[in-house]
Novice: 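This is the structure, below, for whatever I ask next.
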There are 2 protein chains.
Amino acid sequence: MSSPSPKFELFARFAEVAKALGNAHRLVILELLAQRERSVDDLASAARLSVANASQHLRLMRKVGFLVSRRNGTQILYRVSDPAVLDLVKALHRVGERNVAEVREIVGGYFRERDALEPVSREQLSRRMRDGLVTVLDVRPEDEFDAGHLPQAINAPLRELEKQLRDLPKDRDVVAYCRGPYCVFAFEAVALLRQHGFSARRLEDGFPEWKAADLPVA
Amino acid sequence: MSSPSPKFELFARFAEVAKALGNAHRLVILELLAQRERSVDDLASAARLSVANASQHLRLMRKVGFLVSRRNGTQILYRVSDPAVLDLVKALHRVGERNVAEVREIVGGYFRERDALEPVSREQLSRRMRDGLVTVLDVRPEDEFDAGHLPQAINAPLRELEKQLRDLPKDRDVVAYCRGPYCVFAFEAVALLRQHGFSARRLEDGFPEWKAADLPVA
DNA sequence: AAAGTATTCAACATAATTATTGAATTGTAT
DNA sequence: ATACAATTCAATAATTATGTTGAATACTTT
């Protein structure tokens, strides 16, 4: 029973951090928190978890340093502690997408016309916004839009997009974005827009990545 | 019993990938494989695991795409499939080191004089090597050195370093490196060298990071 | 100070992970 | 072909993670 070496001890800590990423519900919560600060029961209902269960997941992620919390009035608000956490999630996505055959199937199936939809890169969008050539559509729920969005973006939550279509200029390209690379809202928005004769594309990923790249935010 | 959404399915896959990182032994194996290709029982003994157990860990990491294997004669050799995997591990280290209080304690305790030892960055070392001002010491085991090392580096495994000391020029700075940022060999080598009057520092991380940065390798 | 609410805790049942043993494969080499 | 070695598989036991339920806490607000 030799005591484990300090280095093994260190790696055991890193393993604990990785374990905190190793649950789909927690990844969902992290994506939600990447948009904005949220309360426990807000998260619980958004992620379809019991409050107690959500609380447990949050506690665990706070323990490994992913999240910090503060009290505001009667509720406790959680947020992501550090952009490095989002970088870690992004690195996970990259490896997952690259290496796991099943992920390629899911991505290629449900997010089927991924390439056909020709995502616009942040740099491209940024340039075209400067030139005023493009309508930018934020298709996330209103609360997430309010917490921060791209400059000039119009909030059009998917359910209300159809109503708002008549207000959009038909002669300009539309770029839609939502929570991140695996958020389906933008895909569906682009499909709907194209059905109605718009020239529409989606941003390659979402608001958190835009913000993380230090691009301007409103 | 609504079936889980495709997006949740996708996140469940990512969670599986993260779980594969969530075990200290697997992180040790990954660090070993970052140095060079190795056989199962080679890894088992290096990581102090039973062969069957090591085989299980390897199988799991191959399943999530971290590793690939090939047969060579009688044994099966594993290696890391993609540099993105090492990026993921690095992102994990960064978050772990940044956010987990206990990690800071371990790092600050065992790797205590971390800052006092003033690590040299890859860029600094690269420059000083070009100017020929520095002796570069690879303190990893010989087999790892043979599989790839920094140009001009001298292999001096820690156990033999003391014997080799007399052959080192005393008027030049020495920079030692080993497997990565948490590998203790370089720390101990620097300590030993300083005891013997050398001006010694360690490289900020190790060989895999050097190689990943596309710097020249021998 | 009391009442009310959001959150956390504790205890449990179920499920998943880990390490061990020994047997079964799968290839190489004689 | 047969023997051999390296690796993988299968079955087990022990540990750890997950999600419920209902009760306890810790605040705010009145």
Side-chain angles (χ1 to χ4, degrees), chain A residues 1-2 4 8-9 11-30 32-33 37-64 66-79 143, chain B residues 1-2 4 8-9 11-30 32-33 37-64 66-79 102:
Chain A
M1 298 291 108
S2 71
F8 188 81
E9 203 64 47
F11 278 29
R13 293 307 165 178
F14 289 148
E16 247 175 69
V17 174
K19 271 182 203 157
L21 279 184
N23 175 285
H25 292 302
R26 288 196 290 270
L27 292 177
V28 169
I29 290 173
L30 274 177
L32 290 166
L33 289 177
E37 207 177 36
R38 300 184 89 132
S39 71
V40 176
D41 81 7
D42 185 6
L43 284 167
S45 66
R48 298 165 174 281
L49 295 172
S50 73
V51 171
N53 192 198
S55 173
Q56 273 186 89
H57 285 307
L58 291 166
R59 195 173 53 79
L60 193 155
M61 288 197 280
R62 191 178 49 198
K63 181 163 167 257
V64 302
F66 290 172
L67 308 179
V68 292
S69 59
R70 70 180 179 97
R71 178 175 282 273
N72 181 19
T74 134
Q75 43 193 11
I76 298 210
L77 300 178
Y78 279 84
R79 66 174 187 281
D143 56 333
Chain B
M1 300 289 110
S2 70
F8 188 82
E9 203 64 46
F11 279 28
R13 293 306 164 179
F14 289 148
E16 246 174 70
V17 174
K19 270 182 204 158
L21 280 183
N23 176 285
H25 292 301
R26 286 195 292 269
L27 292 176
V28 169
I29 290 173
L30 274 176
L32 290 166
L33 288 177
E37 206 177 38
R38 300 184 88 131
S39 71
V40 176
D41 84 5
D42 185 7
L43 284 167
S45 66
R48 298 164 173 281
L49 295 171
S50 72
V51 171
N53 193 197
S55 172
Q56 272 187 90
H57 285 307
L58 290 166
R59 195 173 53 78
L60 194 155
M61 289 198 280
R62 189 178 51 197
K63 181 164 166 253
V64 302
F66 290 172
L67 307 179
V68 291
S69 60
R70 70 181 179 97
R71 177 175 283 274
N72 182 18
T74 134
Q75 43 191 11
I76 298 211
L77 300 178
Y78 279 83
R79 65 174 188 281
E102 294 150 278

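Heavy-atom basis, side chains included; hydrogens, waters and symmetry copies ignored. A note on names: the letters A, B, ... follow the listed sequences, proteins ahead of strands, and every chain is numbered from 1.
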Novice: For B/R26 and B/K19, indicate whether the former's side chain and the latter's backbone hold a donor-acceptor pair under 3.5 Å.
Specialist: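 Between the backbone of B/K19 and the side chain of B/R26 there is a qualifying donor-acceptor contact (under 3.5 Å).
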Novice: Using a cut-off of strictly less than 4.0 Å, decide whether A/H57 has a side-chain nitrogen or oxygen near OP1 or OP2 of D/dA17.
Specialist: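 So the side-chain polar atoms of A/H57 never come under 4.0 Å of the phosphate oxygens OP1 or OP2 of D/dA17.
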Novice: Please determine whether a side-chain nitrogen or oxygen atom of A/N23 lies at a distance below 4.0 Å from atom OP1 or OP2 of D/dA17.
Specialist: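 Checking A/N23 against D/dA17: no side-chain N or O falls below 4.0 Å of OP1 or OP2.
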Novice: Over how many whole Å does the gap from A/E16 atom CD to C/dT17 atom P extend?
Specialist: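 After rounding, the reported distance stands at 17 Å.
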Novice: Using a distance-only criterion (donor-acceptor N/O pair, under 3.5 Å, no hydrogens), is the base of D/dT28 paired with the side chain of A/Q75?
Specialist: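 Answer no: no donor N or O sits under 3.5 Å from an acceptor.
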Novice: Just how far, in rounded Å, is P of D/dA17 from CZ of A/R59?
Specialist: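 The answer, rounded to whole Å, is 11 Å.
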Novice: Specify the separation, in whole Å, of atom CG of A/L60 and atom P of C/dC9.
Specialist: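 One finds 12 Å between P of C/dC9 and CG of A/L60, rounded.
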Novice: When you measure from the side-chain N and O atoms of B/Y78 to the phosphate of D/dT8, is any distance below 4.0 Å, counting only OP1 and OP2?
Specialist: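 Yes, within the criterion.
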Novice: Nearest whole Å is fine: how far is D/dT7 P from B/D42 CG?
Specialist: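 After rounding, the reported distance stands at 9 Å.
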Novice: Tell me the interatomic distance from A/R70, atom CZ, to C/dT7, atom C1', rounded to whole angstroms.
Specialist: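 In whole Å, C/dT7 C1' lies 16 Å from A/R70 CZ.
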Novice: Do any N or O atoms from the side chain of B/R38 and from the backbone of B/A44 form a donor-acceptor pair under 3.5 angstrom?
Specialist: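 No; zero donor-acceptor contacts below 3.5 Å.
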Novice: Mapping A/S50 and B/D41 to their closest nucleotides on DNA chain D, which lands nearer the 5' end?
Specialist: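 Result of the comparison: B/D41.
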Novice: How many angstroms lie between atom CZ of A/R62 and atom CG of A/L67, to the nearest 0.5 angstrom?
Specialist: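 The CZ atom of A/R62 sits 8.5 Å away from the CG atom of A/L67.
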Novice: What about B/F11 and A/H25, are their ring centers closer than 6.0 Å?
Specialist: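 Not under 6.0 Å, so no.
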Novice: Less than 4.0 angstrom between a side-chain N/O of B/N53 and OP1 or OP2 of C/dT18, yes or no?
Specialist: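 It does not, given that no N or O in the side chain of B/N53 lies less than 4.0 Å from OP1 or OP2 of C/dT18.
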Novice: Side chain of B/K19 only, please: which of D/dT7, D/dA17, C/dT17 is the nearest?
Specialist: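 Within the option list, the nearest is C/dT17.
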Novice: OP1, OP2 of C/dA6 versus side-chain N and O of A/R71: anything below 4.0 Å?
Specialist: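 Result: no.
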Novice: D/dA13 P sits how many Å from B/Q56 CD, rounded?
Specialist: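 For the pair B/Q56 CD and D/dA13 P, the rounded distance is 16 Å.
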Novice: State which residue, out of B/V40, B/V68, B/L32, fulfils the side chain to side chain contact (heavy atoms under 4.5 Å, CB included) condition with B/Y78.
Specialist: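 So the option named by the test is B/V40.
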Novice: In whole angstrom, give the distance that lies between atom NE2 of B/H25 and atom C1' of C/dT17.
Specialist: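 Interatomic distance, NE2 of B/H25 to C1' of C/dT17: 12 Å.
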Novice: Using a 4.0 Å heavy-atom cut-off, does B/T74 contact any base of the nucleic acid, only the sugar-phosphate backbone, or nothing at all?
Specialist: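 Contact class for B/T74: sugar-phosphate only.
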Novice: How close or far is atom P of D/dT7 from atom CG of B/N72, stated in whole angstroms?
Specialist: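 The distance from CG of B/N72 to P of D/dT7 comes to 11 Å, rounded to the nearest Å.
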